[in-house]
Amino acid sequence: MSDMITADLVDLDLAAETKEAAARSLAERMVTLGRVTDLDGFLADVAAREAQMPTGLDGGIGIPHCRSAHVSEPTLAFGRSARGIDFGAPDGPADLIFLIAAPAGADDAHLTILSALARRLMNEDFTTALRTATDATAAASLIRGEDATRTEPEPRPEPQPEPGPEPRPESQSEPGPAPGSESQSEPQPGPAALPVAEEPQKPADRAFRIVAVTSCPTGIAHTYMAAEALEQAGQQAGVEVVVEPQGSAGFNRLDPAVIAAADAVIFAHDVPVREKDRFAGKPTVDVGVKAGINRPAELIAEVRGKAERGEITGTAGDHASPVDNAGEPGEGYGTKLRKWLMSGVSYMVPFVAAGGLLIALGFAIGGYTINKAPSVAEHFIWTDHTSWAALLFQIGGLAFSFLVPVLAGYIAYGMADRPGLVPGFVGGSIALTINAGFLGGLAAGLIAGGTVMAIQKLRVPAPLRGIMPVVVIPLISSAIVGFLMFLVVGKPIASLQKALTDWLSGLSGANAIILGVILGLMMCFDLGGPLNKVAYAFAVGGLANPNEGSLKVMAAVMAAGMVPPLAMALATTVRGRLFTRTERENGKAAWVLGASFITEGAIPFAAGDPLRVIPSAMAGGAVTGALSMLFECTLRAPHGGIFVIPLIGNPFLYLIAIAAGTAVSAGLVILLKGARKTGRPDQAAEAGSTRDGVSGDGEAGADAKIPAAA
């Protein structure tokens, strides 16, 4: 690491107040030394990595990093902040900030050295020494490992590849290397780290054995920090832990004998585990990489408990569950239920957007009688526009028909992973058959997921484990779900769905306005989050069997969802000095996002100032929802924003409703922000974004993943 960091790349009095400013300050030092060729291009790559997942770690550490074509050689810069900078860590701001710059084509040796820092940061003595360093030269030397004093036994040299794994019994008794030691930092290949017995032994005759895989989106920092944390926690718990870090520099596969001898598996990852089927048939804990860093001891205890209970998780195939953390310890059933439902909704939305917009285009081209056109497979005239309209309508109708089965299937998938798909889709299809609709799909998904989870907890003889996910679980769970949906819960849900449909059909007057207010508040409360998706899914479910009431609900939901980004765009235009420079730039994009019905366009503003932005957005959304209902506006398209205005009933009044809500939200946020300002406005605006504990330079990219409904 000697060539990567020098005293010129150390700032012990970092004055930046935001993570963006900190990255720029440290990157400018790299530019001065010729390590970075394009400052803005490099910072854009750093921001893109940060948008994937916050780089703040517990213990006051921020480690922004990326691979970039604008980096000429691997470089590390270090800054120490007296006030702390928010990098998204659960325990608060970071005072130790490391900016890692790796060339796009960095060789494996350099990336391995970068990973060494990540491992060393898990050593408390090392971080304490950095906090007390008195000058830049000393800090740079410490990071390079030149000041490390060995007070422990000499560590083992890095093992070379050999035909088989070598025993390492001393790993449970020897303390780790001294703080800052290079050998502690280097990733140790897993196969040589775990002794494999020649003969089967009873569990009491040996330590519990765990194999683990760690990975993060760039594979530079979090990957190796999680590996180090798991290994250290294993030593403290008397458990043998062997980790396969799947980083940017590639990975050394664990020896098959090591995997076979392991009692359990831990996956701490944010990208799919490569060759995941190697670990099939063992008790497994599957979490995000930050859980591996922050609570490794809990993960080890959890997977040991699963092994003692004989719980085998279906892990065949290189894929990741859509809800990585659905089963984290300490979460209540309400939190888990929300995650499961959001899994189904997130997969449903693309079907809604594609099918709904195709249906809307069919109506726009062929008129509202196009739904009575004959099948285009039997009757299609190339020169007749109504035939093309019928084609679009019928394709959209087929896409829309998958809505309920996909919802149910992926709710079950979020609960039980791939084995939940078959019973989930079967239950969703039954819900359509018995006219249980959207509510039936919700119930079918939960029943299917719960059934599979119950089956997975059963103790199964070893010879049957291989066919459980493919044959036994789909067969038994589909039969159970089918029985319950057809004969037990399906008919009551279908009656409830019919009552809801009839109620929506008769909505008028005060009842309609109250519903509009509620939907508007839900759409604007979390700006594309769970509550927003619930309101949107409620509206879309009504389009499966449209009537006058359900079309009014769809119109109110889309109108309210457009308000937050439009209001923030208007506010930054009218009173730009109340907002940071980044927020003013985001305001320009928010015009387009709001007009396109992408509510997530307001997230950067809410992240920087939630106590003022969110209530303002909710007030405007409630006004718009109420006015849309009052004006009896209708909408047949589930998405599209102002681009589907021709498909809206009472379009002029609809635009008035949106404009009114936008004005209310913009006015409130300007009023609230203006009331708190003291001193020179521009300074207050820049500082205000951090006084609430969150940077005002938020980014929408990580949150606007679903370009629909938002």
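Just so it is clear, the model here is predicted, and its values are computed rather than measured.
In plain terms, the two heavy atoms of Glu17 and Arg83 that are nearest each other are OE2-NH1, 2.7 Å. Nearest heavy-atom pair, Met30 versus Ala101, reported as atom, atom and distance to 0.1 Å: SD-CB, 3.8 Å. For Pro64 against Val46, the heavy-atom pair with the smallest separation is CB-CG1, 4.2 Å. Closest of all the heavy-atom pairs between Thr599 and Gly561 is OG1-O, 2.9 Å. Summarising the geometry of Gly594 relative to Pro565, their closest heavy-atom pair is CA-CG, 3.3 Å, with the distance given to 0.1 Å. Listed here is the closest heavy atom pair of Gly84 and Pro93: C-CB, 3.7 Å.
Aromatic ring pairs are classed by plane angle as parallel below 30°, tilted from 30° to 60° and perpendicular above 60°; the pair Tyr536 and Phe597 is tilted.
No side-chain donor-acceptor contact under 3.5 Å links Arg67 to the backbone of Ala102. Listed for the Thr32 side chain is a donor-acceptor partner under 3.5 Å among the backbone atoms of Glu28. Within the 3.5 Å criterion, the main-chain N or O of His70 finds a donor-acceptor partner in the side chain of Ser68. Between the side chain of Thr572 and the main chain of Ala569, a donor-acceptor pair closer than 3.5 Å is present. Under a 3.5 Å cut-off, the side chain of Tyr654 and the backbone N or O of Ala559 do form a donor-acceptor pair. Not one N or O on the side chain of Thr75 forms a donor-acceptor pair closer than 3.5 Å with the backbone of Arg35.
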Give the intermediate values and the outcome of salt bridge (charged side-chain N to carboxylate O under 4.0 Å, His left out) for residues Asp40 and Arg24. CA-CA 9 Å; Asp40 291 334; Arg24 177 172 291 275; 3.4 Å; yes
Between Leu655 and Ile645, is a side chain to side chain contact (heavy atoms under 4.5 Å, CB included) present by the stated rule, with each step listed? CA-CA 9 Å; Leu655 293 176; Ile645 287 295; 3.7 Å; yes
Any chance you could lay out the side chain to side chain contact (heavy atoms under 4.5 Å, CB included) test for Met568 and Asn586, step after step, and finish with the verdict? CA-CA 9 Å; Met568 296 305 109; Asn586 287 333; over 6 Å; no
Leu130 vs Phe98, side chain to side chain contact (heavy atoms under 4.5 Å, CB included): CA-CA, chis, key distance, verdict: CA-CA 11 Å; Leu130 283 178; Phe98 300 85; 3.4 Å; yes
Please assess Val557 against Leu519 for the test side chain to side chain contact (heavy atoms under 4.5 Å, CB included), listing each intermediate value before the final yes or no. CA-CA 6 Å; Val557 162; Leu519 292 173; 4.0 Å; yes
Evaluate the salt bridge (charged side-chain N to carboxylate O under 4.0 Å, His left out) criterion for residues Asp11 and Arg29: first the C-alpha distance (whole Å), next the side-chain angles of each, then the deciding distance (0.1 Å), finally the verdict. CA-CA 9 Å; Asp11 185 353; Arg29 292 174 176 262; 3.7 Å; yes
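A 4.5 Å side-chain heavy-atom check between Trp591 and Leu570 finds at least one atom pair inside the cut-off. Between Asp8 and Leu33 there is a side-chain heavy-atom pair separated by less than 4.5 Å. Between Leu407 and Leu442 there is a side-chain heavy-atom pair separated by less than 4.5 Å. Taking 4.5 Å as the limit, some side-chain heavy atom of Ile85 sits within range of a side-chain heavy atom of Ile97. For the pair Thr134/Leu12, no side-chain contact is recorded, criterion being any heavy-atom separation below 4.5 Å from C-beta on. Leu96 has its side chain within reach of Arg80: a pair of non-hydrogen atoms, C-beta onward, lies under 4.5 Å apart.
The distance from atom CD1 of Ile100 to atom CG of Leu26, rounded to the nearest 0.5 Å, is 11.5 Å. Considering CG of Asn650 and NZ of Lys552, their distance stands at 10.0 Å, rounded to 0.5 Å. The CD atom of Glu20 lies 9.0 Å from the OG1 atom of Thr580; values are rounded to the nearest 0.5 Å. We find the CG-CZ distance between Leu672 and Arg612 to be 7.0 Å, quoted to the nearest 0.5 Å. Distance check, rounded to the nearest 0.5 Å: CD1 of Ile143 to CD1 of Ile5 gives 3.5 Å. Between Phe87 atom CZ and Asp95 atom CG the span is 11.0 Å, to the nearest 0.5 Å.
There is a side-chain donor-acceptor pair under 3.5 Å between Glu50 and Thr55.
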Indicate every side-chain donor-acceptor pair of residues 659-667 with a distance under 3.5 Å to a residue at least two apart or in another chain.
residue : atom : partner : partner atom : Å
Thr662  : OG1  : Ile658  : O            : 2.8
Ser665  : OG   : Ser616  : O            : 2.7
Ser665  : OG   : Gly620  : N            : 3.2
Ser665  : OG   : Gly661  : O            : 3.4

